Amino acid sequence: MIAITRSLLGIDPLFDGGLLWTPLFIVILKVLVVFVIGLVATMLMVWFERKAIAGMQNRIGPNKAGPFGLLQTLADGIKLFFKEDLLPERADRLVFRLAPYLSFVPAFLAFAIIPLGGDYRDGNGGVVTWFGHQTRVQLADPPIGVLFALAISSIAVYGIMLAGWSSGSKYPLLGSVRASAQMVSYEAALGLSLAAVILVTGTLSTSGIVGSQSSLGSWNIVATGVIPFIIFLISATAELNRPPFDLVEAEQELVGGFNTEYSSIRFSLFFLAEFMNTITMSAVIVTLFFGGPQPISIGNTTLDIPLINNSLEGSIWLIAKVLVFLYIYIWFRASLPRFRYDQLMDLGWKFLIPASLGWFMLLAAQRLADNENWDQLIVMPLSIAVILVCFIFMQLAFRASSKNRESEGAAF
Amino acid sequence: MELFVFICAAAMVLAGALGVVLRSNPVHAALSLVLTLFGIAVMFVSQQAEFLAAVQVVVYAGAIVVLFLFVIMLLGVDRAENLETEPLGIQRPLAIILSIGFVALLVTTIVQGRDSLNMRGDGLITADSGDHDANIRQIARSIFSNYVVAFEVTSVLLIVAVVGTVVLARKRKSEKDLTVVSA
């Protein structure tokens, strides 16, 4: 019994005394809070994106509903509820109805493993006390940790893929085929750059990863070298289908993309899932590379917010860091033109995957040399030389293949 | 509790498996396969093999079935197929015989190996020990020490398969000229 709870919800001191009523109540409370935070954050994110984009394009943006137009998303949501729910004649009814939920549910599930706050200072490990029980400020801390996020993001492709196919119409199908190819190929780069983080921290659990990043110098962005972070950011953007990788819904080419045939509440579920995914992915980036709820501290001096208790302060730091990444995503959208499809695939397969693999090998070599007491001055240049040779071979292979393609013409 | 989880997961697996066999629409069949894989993942979790569950979802549900669906969509075989026409006559009786043999084999294995299933391995560390990553460390240690040759050979096999596919799919120059002429 306890074993099953542990393997589902992870090592949380909450379950030390078996499954009692108070811990059960705390878990239900956590589920509710995470769900509500997800919905409200999504609502605010839509507003934030519209307002920020408007600012960058010298417009005003939403300003009628509520103060600063804050309630605009709510108004749009209510409007969508009352629209007619269309079902295309050639649609596959069952799958057409199922697809929005398949993209909506994973968006929320991934949020469950993010440490949302708590006191990680002085080896506290993010444990707080609620109602006389010690627990972590995160819904679940499963032993597989970040692999759960990876699994969820690999499930998210189903929603988009099936939505396009089940519409029974040409453009959505094209959009969804593009989407699935894109998401499957960028997942490899995502996973490989994540492996660098796991290698450095030596644990999969998100609370463990946050716990190991106690000062600015040990934040994973520094500890792994900046490269995995850059690769992760690019492939996360592609995984989210956000600009400049939004070929899934390139409105100039595909009408509206995979969700062309959707209307009313089903469309709003896709819309919600997309923004929710953006927030979740930003939170994952912050957790993996920027210390999550850890405050900024250099050496022994910690940037402490006065008058607020340490565990609440974690949440404030997390929100601040996530906001930075949300702004960066909006910034991408406002300033970068969309990729061409072949450029997208080239970037993913020919650059990001080899680069993340090479960097991972470099980190592994450094780690091995560290463990075996080898001389770093010999190991590092040697491994860099090996990677350079591999890079040259790869470039030769690319050149040969592009020459072949030119002489043979298109493959289909 | 453990029995309850097992019953739910087993129901998922069986419903999915029946769906794969009985559904005439290939996309529905592929989706039923996803249900089966999820059921197996749940069973892995209840046996405290979380890593296997994650890999099951990432690799099988997230990549392989997506590839199936991708091919189904691209080739446009998404209409329901007529199960009455059979291109190979011997296929069905052969399948029945083989599946009966397979079931017999499985039952014999389970009956024979029931005693050893009840015993727990000596070096087994469970999640109760408090070590978060014990599971993964154990898997990694056995893959990269005892079974490292099998592991490497499998990866070579995969590469050979990829290269072979590329070679087979590429058109020869002369063939291409022929198709152009005939078109």
Side-chain angles (χ1 to χ4, degrees), chain A residues 1-8 10-11 13 16 19 92 94-95 98 102 141-158 161-162 164-166 168 173-174 176-177 180-181 183-184 187-188 191 198 201-205 207-208 401 404-405 407-412, chain B residues 1-2 4-6 23 25 27-28 30-31 34 38 41-42 44-67 69-70 72-74 76 78-80 126-137 166 169-173 175-177 180:
Chain A
M1 176 84 167
I2 301 170
I4 288 185
T5 330
R6 273 208 192 284
S7 52
L8 288 175
I11 314 280
D16 276 347
L19 208 57
D92 186 309
L94 178 74
V95 180
L98 185 72
L102 279 182
D141 186 18
I144 44 166
V146 284
L147 276 185
F148 180 76
L150 212 62
I152 290 300
S153 87
S154 72
I155 291 306
V157 66
Y158 278 105
M161 193 173 194
L162 293 173
W165 171 79
S166 65
L173 181 67
L174 280 175
S176 69
V177 166
S180 30
M183 287 169 92
V184 168
E187 215 169 82
I198 297 168
T201 51
T203 176
L204 282 175
S205 95
S207 67
S401 74
N404 274 344
R405 216 178 315 153
S407 67
E408 287 174 15
F412 43 86
Chain B
M1 179 80 173
E2 205 166 334
F4 178 70
V5 172
F6 175 77
R23 287 279 189 163
N25 187 324
V27 171
H28 290 175
L31 286 179
V34 176
F38 264 103
V42 171
F44 275 137
V45 170
S46 77
Q47 295 300 313
Q48 301 187 12
E50 292 90 359
F51 182 73
L52 288 182
V55 168
Q56 174 93 6
V57 172
V58 171
V59 174
Y60 285 95
I64 290 181
V65 181
V66 167
L67 212 66
L69 282 173
F70 203 70
I72 292 169
M73 286 177 187
L74 276 182
D78 48 1
R79 274 156 277 108
T126 54
D128 290 325
S129 67
D131 188 357
H132 239 68
D133 302 299
N135 215 320
I136 294 146
R137 229 170 262 139
V166 171
R170 257 183 67 188
K171 284 179 190 168
R172 295 271 163 66
K173 227 173 188 176
E175 279 177 39
K176 201 196 121 213
D177 291 341
V180 168

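The chains referred to below are lettered A, B, ... by the order of the sequence lines, with proteins before strands, and numbering in each begins at 1. In this text, all values refer to a predicted model and were calculated from it rather than measured experimentally.
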Contact origin within B:F4 toward chain A - heavy atom pairs under 4.5 Å:
neither
What part of B:V55 gets closer than 4.5 Å to chain A, counting heavy atoms only: side chain, backbone, both or neither?
neither
Side chain, backbone, both or neither: which part of A:V184 has a heavy atom under 4.5 Å from chain B?
side chain
Nearest heavy-atom approach of A:A151 to B:V58 is CA-CG2, 3.5 Å
In terms of heavy-atom contacts, A:M161 and B:V66 come closest through CE-O, 3.3 Å
So what's closer than 4.5 Å to chain A heavy atoms on B:L31: side chain, backbone, both or neither?
side chain
Which atom pair, heavy atoms only, marks the closest approach of A:W165 to B:V27?
CZ2-CG2, 3.3 Å
If you count heavy-atom pairs under 4.5 Å between each of A:L150, A:I155, A:L98 and chain B, which one has the most?
A:I155
Spell out, as yes or no, whether a donor-acceptor pair under 3.5 Å connects the side chain of A:Y158 to the backbone of B:A61.
yes
Partner chain B: residue of A:D92, A:V157, A:L94, A:V95 with the largest heavy-atom pair count (under 4.5 Å):
A:D92
Need one label for A:I152: side chain, backbone, both or neither, based on atoms under 4.5 Å from any heavy atom in chain B.
neither
Which bit of A:A156 comes within less than 4.5 Å of chain B, counting heavy atoms only: side chain, backbone, both or neither?
neither
Run the side-chain contact (heavy atoms from CB on, under 4.5 Å) test on B:V57 and A:L147 for me, step by step, so that the C-alpha distance in whole Å, both residues' side-chain angles and the decisive distance to 0.1 Å come before the verdict.
CA-CA 10 Å; B:V57 172; A:L147 276 185; over 6 Å; no
